[in-house]
K.L.:
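Pasting a structure here, questions to come.
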Amino acid sequence: MARRRRALTRASLLLLGALAGVLVVGLFAWGYLERSRRQAVAAERVSAALGLPRQAFELEDVERDGSLAITLKEVAFLDRAGNPIVTAPEARVRFDARSLAGEGPVVLEDGVITRPTLNLVQGPDGEWNVFQIFRVTAQGNEVRAPDEAGGRPLAFRGVRVVGGRARILTPYQPP
């Protein structure tokens, strides 16, 4: 009788352990699938907001505070005439989606421009062309400001340049 009871106890513990294991695996799988779904929805919204096809950027992470880590591919910063000021194979930026709700600028933080080519030109008035960036493109598609931004300025905080080359023209001679 004791032997049968011990065997029944072992079988119950084994069954209970297997059920607990299935429950834990199920919870992890549900969390992974939910995170993947959130990222797919966020990528679709970013694509619509910035006017970019899905292959022109990569959504790296969606954080709980509403910020998104985005990598733009084949980026070009152009002046009004369409001349490139900065071109790079990729630029990574953290987009603070909460900044759209407030008044001030739309905030882009922790930017990293990888292996850029910079064409910096100082005009006769002493102003650099980098302050005259008019358009941004990714894989040849223009990056639009989100519709909710309403023409607000972009604030870049903490931009780093990694590697790359620079061509600097300084025809300006101070008096």
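All values below were derived from every heavy atom in this structure, side-chain atoms included, with hydrogens, water molecules and symmetry-related copies excluded. Note that the structure is predicted; figures quoted are calculated from it, not measured.
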K.L.:
For Asp79 versus Phe134, what's the shortest heavy-atom pair and its separation?
P.N.:
C-CB, 3.8 Å
K.L.:
If we only count heavy atoms from C-beta on, is the Val75 to Ile113 side-chain gap below 4.5 Å?
P.N.:
no
K.L.:
Hydrophobic cluster membership, with links at side-chain heavy-atom distances under 4.5 Å among I/L/V/M/F/W/Y: are Leu118 and Ile133 in one?
P.N.:
yes
K.L.:
Using the test side-chain hydrogen bond (donor to acceptor under 3.5 Å, both in side chains), find all partners of Asn129 that sit at least two apart in sequence or belong to another chain.
P.N.:
none
K.L.:
Please round to the nearest 0.5 Å and tell me the distance separating atom OG1 of Thr9 and atom CG of Leu13.
P.N.:
6.5 Å
K.L.:
If you compare all heavy atoms of Gly163 against all heavy atoms of Pro116, which two are closest, and at what distance to 0.1 Å?
P.N.:
O-CD, 3.5 Å
K.L.:
With sequence neighbours excluded, tell me which residues meet side-chain hydrogen bond (donor to acceptor under 3.5 Å, both in side chains) with Thr137.
P.N.:
none
K.L.:
With hydrophobic residues grouped by side-chain heavy-atom distances under 4.5 Å, do Leu16 and Val25 end up in a single group?
P.N.:
no
K.L.:
Do Val121 and Val161 sit in one hydrophobic cluster, given that two such residues count as connected whenever their side-chain heavy atoms are within less than 4.5 Å of each other, even indirectly?
P.N.:
no
K.L.:
Mind checking what makes salt bridge (Lys or Arg N to Asp or Glu O under 4.0 Å) contact with Arg37, not counting sequence neighbours?
P.N.:
Glu34
K.L.:
Below 3.5 Å, can you tabulate the donor-acceptor pairs from side chains in residues 81-91 to any protein atom, sequence neighbours excluded?
P.N.:
none

K.L.:
Would you name the heavy atoms of Glu109 and Val93 that are closest together and state the gap between them?
P.N.:
O-CG2, 3.7 Å
K.L.:
Which residues pass the side-chain hydrogen bond (donor to acceptor under 3.5 Å, both in side chains) test with Arg80, not counting sequence neighbours?
P.N.:
none
K.L.:
Do Leu27 and Val22 belong together in a cluster built from hydrophobic side chains that touch within less than 4.5 Å?
P.N.:
no
K.L.:
Please tell me whether Val136 and Leu120 are part of a single hydrophobic cluster in this structure, the criterion being side-chain heavy atoms less than 4.5 Å apart.
P.N.:
yes
K.L.:
Could you please spell out the steps behind the side-chain contact (heavy atoms from CB on, under 4.5 Å) verdict for Trp128 and Thr170?
P.N.:
CA-CA 9 Å; Trp128 290 94; Thr170 57; 3.4 Å; yes
K.L.:
Can you name the closest pair of heavy atoms from Gln55 and Lys73 and give their distance?
P.N.:
O-CD, 3.6 Å
K.L.:
What distance separates Leu72 CG from Gln139 CD, expressed to the nearest 0.5 Å?
P.N.:
9.5 Å
K.L.:
Quick one: list whatever passes side-chain hydrogen bond (donor to acceptor under 3.5 Å, both in side chains) with Glu60, sequence neighbours left out.
P.N.:
Thr71, Arg92
